[in-house]
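Each remark here refers to the structure printed beneath this line.
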2 protein chains.
Amino acid sequence: MASRGKATILDIARKAGVSKSTVSLVLQGSALIRPETALRVRKAIEEVGYVYNRGAANLRKAHSNVVGMVINDLTNPFFAELAVGMERVFQSAGIVPFIANTAESPVRQGEVLKSLMEQGVAGLIVSPAHGTSPDAFEHVRSAGIPVIFTMRRLSGSRIPVVVPDNPRGAFLATRHLIGKGHRRIAFLGGFPDMVVYHERVGGYREALAAHGIAADEALVIQGDTNRKGGMSAIDTALAFSPAPTAAMCFNDAVAFGAMTGLRKRGLEPGGNFAIVGFDDVAEAQHYMPALTSVAVDTAGLGERAAHTMLNMIRAGTTCAENHIGAISLIVRDSCGPDITEARRSA
Amino acid sequence: MASRGKATILDIARKAGVSKSTVSLVLQGSALIRPETALRVRKAIEEVGYVYNRGAANLRKAHSNVVGMVINDLTNPFFAELAVGMERVFQSAGIVPFIANTAESPVRQGEVLKSLMEQGVAGLIVSPAHGTSPDAFEHVRSAGIPVIFTMRRLSGSRIPVVVPDNPRGAFLATRHLIGKGHRRIAFLGGFPDMVVYHERVGGYREALAAHGIAADEALVIQGDTNRKGGMSAIDTALAFSPAPTAAMCFNDAVAFGAMTGLRKRGLEPGGNFAIVGFDDVAEAQHYMPALTSVAVDTAGLGERAAHTMLNMIRAGTTCAENHIGAISLIVRDSCGPDITEARRSA
DNA sequence: TCCGTGAATTAGAACGTTCCAAAAGACAAA
DNA sequence: TTTGTCTTTTGGAACGTTCTAATTCACGGA
């Protein structure tokens, strides 16, 4: 019986009356082995409950079959979905994905990175933590290990990225608000040290400019990119006079927070105040009112990143083209009716 | 320079003018080595950009430093939070946690399990996928690898569990509704093939019985444990006559769905219908109305599970005591005022 | 009989660590 | 000088695979 210590390839060889080389070949599905021999070996494998030792194999093999996915915030469903999308692709390609969470801490990210390197990952897909230095992953890449950034890019880094078309998304969303008749539109959440922030605020400004609306810088309100940040940002926004009548939010979490904040002040999102989000998380459609948001096809981007990584690993390169994912505006109820129409019919 | 192929312990030895054994000892922080020698070695390590090869080390070591966390649904913030809590503990204990998602599929779970075994995990913490057979993890355990189930238990399995006190939670929540004057209380969501379901429904029934309320089996409505399930369950519940005036939900996701469903029918959660959830996810307090829910201290349970696992690994045992985590009812706005009082004052 | 060919199998040297047993060196006591 | 003890260092055999370069075998043709 398989007792003290696990069974090895050698135990199977003995049991099947072949050499360890033959067993190895069978394990790799080689066509060199005579089918009946292979069958005998496979039976032996079954009988002793053998489990393959990938660590030992990786010692010989050129490179391992594990890739690391370094995620900045796994408790955010948006990123969790991303991770799960990538995981699916890797799993079915026979490579083992390790998911690691950095909780937006560059320090944790460093530790996690060290662990993954020690495990001998064949590649790394990273959604970098807030505050990551642009060259934090350079030594990985220069060691010949492919790295891809996803969802967030680091300014000044030459590592390939897979990100949504943030400027276009913000542009479309803002244009939608303008089309509804809004003229004083706030931008809520985010900080200027993230590239995404500039991309989204840029799209927002571009839309305003395209419609000849003067941007009021006071209405661009920075803040945390979560519910709490949304609640305080909307408070700040409403303190101005004349108050904005609509808000483009950095992401859906901020939008949810803003909607709660509006209700606290007796305003009704989708009624007398319009809100647009960004990311289109699953919750957006179930919220009351259902949130109009920019869909970024999270799972699709994840899959794209994973496929790109697979190609890089196969090709043995650390280069790849950037991918800017298409976005689309999902119109739901949080922007209410056209306010010019409403005014006219009143 | 470190060029073709990574630097190994041997390169460092050469560079520092010592033997590979010495380098190994330094890497393990052994006190045997003379401090100045250690320093010289460490400098060499720094200079060549050496990265430790854990795979090679694990080949010799009794067991590895990685544990696997098998999660049924990472896109559910509740489980994501659990995973993150465990990860924190492991990371700071110097062991590497791998997070894997099974998407509630026993098949995926099997694949994931195989991968983890091949990586040579030292232990496994599992929140089993819906439909997992009770002995799915028996062979792991009998191979001497510690396994812990968390959040969900499998009937008939002898693997140690770390779970919240489900019966008590459901009891307290139901009692709260009864205290508000409700007599027709529905139980929404879940399926009888999960042990958790029986525990929670059990607590619900016990509370009813304790207050002399006859349980109406028609009001126990099975369904998916997500938003969609909640929406259809509340529809079913409201079709009965007399209709229930309150609902105890299997979890918060179901509760959110039920609240949406109520609004669709012109009822107001927290107004003329009372809702209680279970899990107290982060979103509960931000929802409108804020959801009264049973808090299970997710992160705490995760940490507890992780610590138990660490102990099991250290002790080399596959046994541990079950842990039933304390719960508490967090009262917010979704149950509204006492309806008997309301009736009296009307 | 001898040789060549091709298919199937195998021996043995890696891979980068750990760890045991032993060695080397320094010093004190006999 | 010899012996013993203690500290520090080291050689070399594992660990479980893969992979290259054989080796073996059967068969057909000369």
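Below, read A as the first sequence line, B as the second, and so on, with proteins coming before strands; counting in each chain starts at 1. Just so it is clear, the model here is predicted, and its values are computed rather than measured.
Heavy atoms of other residues, nucleotides or ligands lying less than 6.0 angstrom from CZ of B:R304 number 12 at most.
By the 4.0 Å N-to-carboxylate-O rule, B:E47 lies too far from B:R42 to be salt-bridged with it. A salt bridge links B:R152 with B:E104; the closest basic N to acidic carboxylate O contact falls under 4.0 Å.
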Quiz item: Which letter, B, S or -, goes with each nucleotide of nucleotides 18-26 of chain D from 5' to 3', with contact meaning a protein heavy atom under 4.0 Å?
Solution: BB-------

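Residue A:S19 places at least one side-chain N or O closer than 4.0 Å to OP1 or OP2 of C:dT10. Here A:T22 does not reach the OP1 or OP2 of C:dT9: none of its side-chain N or O atoms lies under 4.0 Å away. Close to C:dT17, at under 4.0 Å from its OP1 or OP2, lies no side-chain N or O of B:R54.
Spacing between atom CG of B:L10 and atom C1' of D:dG12 amounts to 13 Å, rounded to whole angstrom units. For the pair A:I45 CD1 and D:dG16 P, the interatomic distance rounds to 16 Å; values are reported in whole Å. Remark: P of C:dA14 and CG of A:L59 are 13 Å apart, rounded to the nearest angstrom. Distance CZ (B:R14) to P (D:dT10): 14 Å, rounded to an integer number of Å. Between the NE2 atom of B:H63 and the P atom of D:dG16 there is a distance of 15 Å, given to the nearest Å. Atoms CD1 (B:I12) and P (C:dT18) sit 11 Å apart, rounded to a whole Å. With rounding to whole Å, A:N65 atom CG is found 14 Å from D:dT17 atom P. Between the P atom of C:dA8 and the CD atom of A:E36 lies a distance of 10 Å, rounded to the nearest Å.
Among the nucleotides D:dT17, C:dG16, D:dT9, the one closest to any side-chain atom of B:N53 is C:dG16. For B:L32, the listed nucleotide lying nearest its side chain is D:dT9; candidates were D:dG16, D:dT9, C:dT9.
Between the side chains of A:Q109 and A:S105, no donor N or O sits under 3.5 Å from an acceptor N or O. Between the side chains of B:T102 and B:N72, not a single donor N or O lies within less than 3.5 Å of an accepting N or O.
Within the structure, salt bridge (Lys or Arg N to Asp or Glu O under 4.0 Å) contacts touching residues 111-121 of chain B (residues at least two apart or in different chains) are A:R54-B:E118, B:K114-B:E118.
A:N101 places a side-chain N or O within donor-acceptor distance of the main-chain N or O of A:L74, the cut-off being under 3.5 Å.
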